[in-house]
Structure formats: structure tokens, C-alpha cells
A.B. asks: 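Can you read through this structure? Questions will come right after.
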Amino acid sequence: MKWFYAVVCFLLLPAFVLAQSPMQPKLVKAKGDYSFPKGVYVFPKKLFDRYDRRDIIAYEKANISASYVEYQGGRQTIATIYAYPAAPAAENRLRTNFVEILTAIAPVAEAVDDIEAFPLTATDGQYTCNGYAALFNTLNGAISELVFFECGEWYYKIRITTELLDRAGVDSLTAQILSAYNPAALTANKPLGRHATLELASGLQADIALSVCVLADIMARSSWAMENISEGERASGVPDIYVEMYEAGFKAFASVARERDPATDDKTRRYIEEVCEIVDSGFLREFLIEQLYTIVKLPEGFIPDDEGYEKWKAGREFAVDLDRRFSQILYGGKKKK
């Protein structure tokens, strides 16, 4: 299917964040099975013949959570499944929201440094969703897990806290939930439209040396996604979970920079030289992995040279920051006439 593109300007700001609604939550009165989104998921009174439905909470009309609990000898397991409207599908949407949620719950972790975070994938054969998970021990000795996916116009989240299960048991419960409540079903319910907007920082056009490099960067990222990621996966979100997408952009930026005369502005020249230095260092992927909080999908067979990278970057201060970019890709929305 044909995708449509537009190039617009935006302010140089971090990616969109849309948390759950601050409205007063309300208890949903449901005596039997409850479906949400309608016709997508069904939340029964008993889950997997083991967990009793504790409550269904509505934060607003299209923002629901269903909690299940098991009690044994004064200890418990609580699993809550959330589905709620997502922010606009800009680059870094998945990562920004996951990190924000994880930061909010991190104070209950026994040791923040021991939090295990890793990427996840869910598919129904037509649509594919990318997500992240984080697993850690809490201060009171329980095990806690956060799972978060972007699913087109929806977010999907699981929170598990247990005093009964070990980590293998948590993995098993998570797998059961993801099988029964596949995140890809939310993408199927509201997939992103086949329209990509390439956004450039406002005022960038005043700096020609930088703007042509940035344009090459975003075009390369967008092309990589189109050529390497299926339409069903792009319908869930911008595939910035892949380090290769940013690698393609950095290399295109540096390639164009080398073909042009040096920038006259000192700050711009230093920035462009830094990008070229990172690309030429042999540690581009390691740099990107660090910038992307290490929770990325790596090329098959690639093993980061962490020791070599640490030696190379020692004493360096980078102006390049992927949290504050000069461009971003936005999927979905309406085609501009």
C-alpha cells in the first residue's frame, strides 16, 4: 500500500507523552464478563481458573483497567491489564512513556540498578506491536513487573506484583496474559493511517549547513523503516526500537556533511563534526544503544564492545542527544491536501 509524506516544522522538544487520565477513577459495575474495547478483549470474573477479578476501573470512557488477584496464606498476586488512548505516534513515543512509567514506580524497587528492562514483540500474524518490560524485586520482598506496548492509537500495559510467584512464575503469567490479551488486537482495532509526517525543528531552515544534514538523516530513518519493517508493524508505531534505524540516519547525516563546505557557525560546525566523529569511531551502535537507554533491538549476531566504547568515550562530552533531536517521524493522522 502507498504511504504519504509531509514535511513540517516543530519546536525542539522531547517526544509526546500521554499518561493515563488524571480524572477521578470510577469503579465499573460488571456482574459478568466485561468487554473492552468493545469486541476486542473480554475480562471474565475468573482468569485462567485461578485469579479472581478484583475490580474494573474506568479513568474515562476509553481508559480502562481490569485487576485480578490470588490470595494464599496471607500473600497475594495482583495482575492488572490496562488499555488506554495513546499519544500521537511520534518517534520515541514508546520509549518515553515506558521510561516515564518506570521512573514513577522505581522508588518501590529494592535496588534501581537491578531493574531488568528488555524489548518485547507481540503479533497476530497481520499486525506486530513493539513493547518493553521491566522486572525487579520490591522493597517488601515481592516481585514486580511492568509491560508496556504501543498499539496504533492505543497503549497496552500490564502491572504484576506478587509475593507468591518466583520469576519463572511471573514470566509464565505474563505469557498467559499476552496470549489471552494480545496487544496486536488493539492495533487491529485502531491501526495508524498510512501517512508519515517528517517534522523538522522550527528555525532549522536558517542554518543551511545543518538543515541539509538533518533532512538527510530523517529521510534515511524513514526509508529504513519503509524498506525493513512491515506495514503491519508500522501500523503500531514508528519502529525506533531498532538501533539500525538511527544508524542509517547518522550515516546519512555524516555522508552529506562531508560533501559540503564546513559550516561557518562555530556551534553548528562542532555539532556536525561530532556526528561525523561518532560515525567514524567504530562505536556508532554502542553510542546509540546508550542514548536509547540500552532497551533496543540489535542486529542479529551483533555484540556490543562495551569495554572499547567506554575507553573511547572517556572524557568526552556529547552535544548530540537523541532526547532532543532536530527532526522526528510521525505516523498516522490525515493526509494533508
Side-chain angles (χ1 to χ4, degrees), residues 17-72 74-87 93-94 97-98 100-102 104-105 108 120 122 124 127 129 131-135 138 140 142-165 169-191 236:
V17 175
L18 181 65
Q20 284 182 262
S21 171
M23 295 174 60
Q24 185 68 29
K26 296 181 180 179
L27 182 66
V28 175
K29 297 180 181 179
K31 294 182 179 180
D33 293 351
Y34 184 81
S35 180
F36 181 83
K38 190 172 179 61
V40 178
Y41 297 143
V42 175
F43 299 102
K45 293 191 69 175
K46 200 169 191 72
L47 185 65
F48 310 140
D49 296 321
R50 179 173 176 177
Y51 300 95
D52 295 312
R53 193 175 69 202
R54 185 182 67 176
D55 55 44
I56 297 173
I57 303 295
Y59 303 90
E60 56 184 32
K61 186 176 180 181
N63 189 334
I64 295 291
S65 71
S67 293
Y68 289 88
V69 64
E70 177 189 34
Y71 296 102
Q72 283 186 21
R75 297 185 298 167
Q76 65 181 8
T77 294
I78 301 175
T80 304
I81 305 162
Y82 302 80
Y84 52 105
R93 175 179 73 162
L94 171 63
N97 281 272
F98 174 77
E100 182 187 64
I101 297 168
L102 185 57
I105 64 177
V108 305
L120 294 173
D124 63 1
Y127 294 103
C129 300
Y132 294 122
L135 190 66
T138 69
N140 64 2
I143 297 175
S144 186
E145 184 176 49
L146 163 68
V147 174
F148 184 77
F149 281 88
E150 61 176 353
C151 314
E153 295 186 18
W154 291 99
Y155 286 143
Y156 174 106
K157 183 173 71 173
I158 302 171
R159 287 283 289 115
I160 296 174
T161 302
T162 180
E163 300 161 319
L164 297 170
L165 303 174
V170 172
D171 289 344
S172 177
L173 176 56
T174 301
Q176 282 185 287
I177 293 173
L178 289 175
S179 177
Y181 301 95
N182 192 332
L186 289 178
T187 298
N189 178 256
K190 288 186 178 181
S236 293

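Index from 1, following the sequence.
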A.B. asks: Please check if any side-chain donor atom of R159 sits under 3.5 Å from a side-chain acceptor atom of S144, or the reverse.
C.D. replies: yes
A.B. asks: Going by side-chain hydrogen bond (donor to acceptor under 3.5 Å, both in side chains), name the residues that satisfy it together with R50, two or more places apart in sequence or in a different chain.
C.D. replies: E70
A.B. asks: At their closest point, which heavy atom of K31 faces which heavy atom of K45, and how far apart are they?
C.D. replies: O-CD, 2.8 Å
A.B. asks: Ignoring hydrogens and geometry, is there a side-chain-to-backbone donor-acceptor pair from S179 to A175 under 3.5 Å?
C.D. replies: no
A.B. asks: Looking at K29, I want to see if its NZ is surrounded by more than 12 non-hydrogen atoms of other residues, nucleotides or ligands under 6.0 Å.
C.D. replies: no
A.B. asks: Can you tell me how far CD1 of I177 sits from CG of N182, rounded to the nearest 0.5 angstrom?
C.D. replies: 13.0 Å
A.B. asks: Rounded to the nearest 0.5 Å, how far apart are OG1 of T161 and CG of L146?
C.D. replies: 10.0 Å
A.B. asks: Determine whether I160 and V147 make a side-chain contact, defined as any pair of heavy atoms from C-beta on separated by less than 4.5 Å.
C.D. replies: no
A.B. asks: Is the distance from the ring center of Y181 to that of F43 below 6.0 Å?
C.D. replies: yes
A.B. asks: Between R93 and A86, which heavy-atom pair has the shortest distance, and what is it?
C.D. replies: NH1-CB, 3.4 Å
A.B. asks: Between F149 and P183, which heavy-atom pair has the shortest distance, and what is it?
C.D. replies: CD1-CG, 3.7 Å
A.B. asks: Can you tell me how far apart CD (E163) and OH (Y71) are? Round to the nearest 0.5 Å.
C.D. replies: 10.5 Å
A.B. asks: Looking at A185, is its backbone amide N or carbonyl O close enough to the side chain of N189 to form a donor-acceptor pair, meaning the two atoms are under 3.5 Å apart?
C.D. replies: no
A.B. asks: Taking all non-hydrogen atoms of both residues into account, name the closest pair between P85 and A62 and its distance.
C.D. replies: CD-O, 2.9 Å
A.B. asks: Which atom pair, heavy atoms only, marks the closest approach of I78 to Q76?
C.D. replies: CD1-NE2, 3.3 Å
A.B. asks: Are side-chain heavy atoms of I81 and Y41 found at a separation under 4.5 Å?
C.D. replies: no
A.B. asks: Roughly how far apart are D171 CG and I143 CD1, rounded to 0.5 Å?
C.D. replies: 9.0 Å
A.B. asks: A side-chain contact here means heavy atoms from C-beta on lying under 4.5 Å apart; do F36 and V28 qualify?
C.D. replies: no
A.B. asks: Is any side-chain heavy atom of L27 closer than 4.5 Å to one of I57?
C.D. replies: yes
A.B. asks: Could you label the plane-to-plane angle of the F148 and F98 rings as parallel, tilted or perpendicular, counting under 30° as parallel and over 60° as perpendicular?
C.D. replies: tilted
A.B. asks: Got a donor-acceptor contact below 3.5 angstrom from the R53 side chain to the A30 backbone?
C.D. replies: yes
A.B. asks: What's the separation between atom CZ in F48 and atom OH in Y68, rounded to the nearest 0.5 Å?
C.D. replies: 8.5 Å
A.B. asks: Hey, are S236 and T187 close enough side-chain-wise for a donor-acceptor pair under 3.5 Å?
C.D. replies: yes
A.B. asks: Mind checking whether Y127 and P191 have side chains closer than 4.5 Å, heavy atoms only?
C.D. replies: yes
A.B. asks: How about S65 and Y59: does a side-chain donor come under 3.5 Å of a side-chain acceptor?
C.D. replies: yes
A.B. asks: To the nearest 0.5 angstrom, please state how far the CG atom of L173 sits from the CG atom of L178.
C.D. replies: 9.5 Å
A.B. asks: Is the ring centre of Y155 less than 6.0 Å from the ring centre of Y84?
C.D. replies: yes
